[in-house]
Amino acid sequence: MRWTNLAAWVAGSLMFLLAGCDAEKDAVIAQYKAGEAAIAAKNAVEYRSTLSTKSIQHFQEILRLAREGPAKEVRDLPAAHMEHVLALRNRVKPDKLRAMTVDEYIAWMIDQEFLLVDEEIGLKPFGVTISGDRAMMQYGVDSARKERSTTFGRRRLITSAFSGGTKLEAIPGAYVYFDKINGHWYNDDTTLNEDYERSMKDEATEAKKPLPDYMAQLEKEAHGTLIPSIWSPPK
């Protein structure tokens, strides 16, 4: 009888843990969807509310680098960060850049299509893995969907990497990260996409250019022009 009771207790405990885990995964997906809805509505304030504290600090640092970063510091940045710094310097007038807030930066990213609604380019949640206060939501793609070219490197890399097939499939290495803060999940927009970084380095090597020069070339191609002083802080 004791073993029967123990087995029932264990089974009940496992069901409770699994239900709790599912609830946590649902909370991650809900926060992800809230961010996507904010992008679709072009609501920068709502999108910021889905971000972790360190993500907002990261955006502040990108703005600082765009305003003040000397050439060497900017040229040494990871490709994903350099991409944004160059775009801000190239596309935003210096006085507006100096006054730009995080909310205005987010609105600018939406306007410039650095932030897109994932489902519009075929990306969907595939699954969530949680470890303590850290969660990873893996992207899936219905690879039969027509591809769309974007100016946002990470998504451009994902959408161009898969073709053929008719069902939702996991995309290896393509994740959105979340941190749990005070009981709530928030999007961590600071984790670098290693595939994108590697891809940009490989493309630069193939083009026989240093990575910074290649990133500047991509910005010129994306925007149509490139200011001569792109590596210097705007005056």
Side-chain angles (χ1 to χ4, degrees), residues 18 20-40 46-59 61-62 77-84 105-106 109-110 113-145 147-165 167-203 215:
L18 289 171
C21 185
D22 286 343
E24 288 291 279
K25 291 179 179 180
D26 289 344
V28 170
I29 294 293
Q31 188 70 305
Y32 164 74
K33 288 183 176 179
E36 293 297 286
I39 295 171
E46 281 297 316
Y47 184 74
R48 174 173 50 78
S49 74
T50 70
L51 298 175
S52 67
T53 302
K54 66 182 181 182
S55 295
I56 295 170
Q57 292 171 343
H58 167 68
F59 286 175
E61 177 64 6
I62 292 294
L77 289 172
H81 298 174
M82 193 190 313
E83 178 180 40
H84 282 251
Y105 175 40
I106 292 170
M109 284 193 288
I110 295 172
E113 293 194 334
F114 280 91
L115 285 173
L116 292 165
V117 178
D118 288 335
E119 192 165 2
E120 290 183 357
I121 53 174
L123 300 179
K124 299 177 182 179
F126 183 84
V128 176
T129 303
I130 297 175
S131 178
D133 290 338
R134 184 72 165 169
M136 300 189 306
M137 189 203 82
Q138 186 169 23
Y139 275 120
V141 63
D142 180 355
S143 52
R145 182 176 176 132
E147 296 177 3
R148 174 183 172 183
S149 177
T150 80
T151 57
F152 187 44
R154 175 172 59 86
R155 289 185 172 94
R156 182 181 64 226
L157 179 64
I158 290 170
T159 55
S160 64
F162 289 82
S163 60
K167 64 179 182 179
L168 187 69
E169 298 176 355
I171 306 174
Y175 297 95
V176 180
Y177 295 86
F178 295 82
D179 290 326
K180 195 173 187 181
I181 305 170
N182 296 327
H184 298 280
W185 291 102
Y186 294 91
N187 189 342
D188 167 27
D189 201 35
T190 68
T191 303
L192 289 171
N193 184 297
E194 294 180 3
D195 286 343
Y196 177 62
E197 295 298 314
R198 186 164 45 250
S199 174
M200 291 298 98
K201 290 178 181 177
D202 289 346
E203 287 184 22
M215 297 304 297

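Each residue takes its place number in the sequence, starting with 1. For the numbers below, each heavy atom of this structure counts, side chains included, while hydrogens, waters and symmetry mates do not.
- Using a 4.5 Å heavy-atom threshold, the side chains of D118 and E36 count as touching.
- K33 meets the side-chain contact (heavy atoms from CB on, under 4.5 Å) test with I29; sequence neighbours excluded.
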Exercise. Would you check, one step at a time, whether the test side-chain contact (heavy atoms from CB on, under 4.5 Å) holds for Y196 with E83?
Key: CA-CA 12 Å; Y196 177 62; E83 178 180 40; 3.3 Å; yes
query: Between K124 and E119, is a side-chain contact (heavy atoms from CB on, under 4.5 Å) present by the stated rule, with each step listed?
result: CA-CA 6 Å; K124 299 177 182 179; E119 192 165 2; 4.1 Å; yes
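- Side-chain contact between Y175 and M137: absent, with no pair of heavy atoms (C-beta onward) separated by less than 4.5 Å.
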Trace of the side-chain hydrogen bond (donor to acceptor under 3.5 Å, both in side chains) decision for N187 with Y32:
CA-CA 7 Å; N187 189 342; Y32 164 74; over 6 Å; no
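- Taking 4.5 Å as the limit, some side-chain heavy atom of K167 sits within range of a side-chain heavy atom of E169.
- Across every non-hydrogen atom of S52 and I181, the tightest pair is CB-CD1, 4.0 Å.
- Interatomic distance, CZ of R198 versus CD of E194, reported as 6.5 Å (0.5 Å rounding).
- Between M200 and M215 the shortest side-chain heavy-atom distance falls below 4.5 Å.
- The distance from atom CD1 of I106 to atom OH of Y47, rounded to the nearest 0.5 Å, is 7.0 Å.
- Within the 4.5 Å cutoff, the side chain of E61 has no heavy atoms near those of the H81 side chain.
- At a threshold of 4.0 Å, the pair K54-D189 does not count as salt-bridged, since none of the basic side-chain nitrogens sits closer than that to a carboxylate oxygen.
- Here OG1 of T50 is found 7.5 Å from CD1 of I39. Values are rounded to the nearest 0.5 Å.
- Side-chain atoms of E197 do not come within 3.5 Å of backbone N or O of L192 as any donor-acceptor pair.
- Between the CD atom in Q138 and the CG atom in L123 there is a gap of 12.0 Å [rounded to 0.5 Å].
- A side-chain donor-acceptor contact under 3.5 Å links S49 to the backbone of E46.
- Annotation: side chain of W185 is not in contact with side chain of D179 (no heavy-atom distance under 4.5 Å).
- Shortest non-hydrogen contact noted between H84 and I62 is CB-CG2, 4.1 Å.
- Taking all atoms of both residues into account, the shortest heavy-atom contact from A135 to V28 is CB-CG2, 3.8 Å.
- In this structure, the side chains of M136 and V128 stay at 4.5 Å or more apart for every pair of heavy atoms.
- Residues I56 and L51 come closest through the heavy atom pair CG1-CB, 4.2 Å.
- Distance check: L168 CG to F126 CZ gives 6.0 Å after rounding to the nearest 0.5 Å.
- T191 meets the side-chain hydrogen bond (donor to acceptor under 3.5 Å, both in side chains) test with R134, D188; sequence neighbours excluded.
- In this structure, the side chains of Y186 and Q31 come closer than 4.5 Å at one or more pairs of heavy atoms.
- Summarising the geometry, atom OG belonging to S55 is positioned 10.0 Å from atom CZ belonging to F178; distances are rounded to the nearest 0.5 Å.
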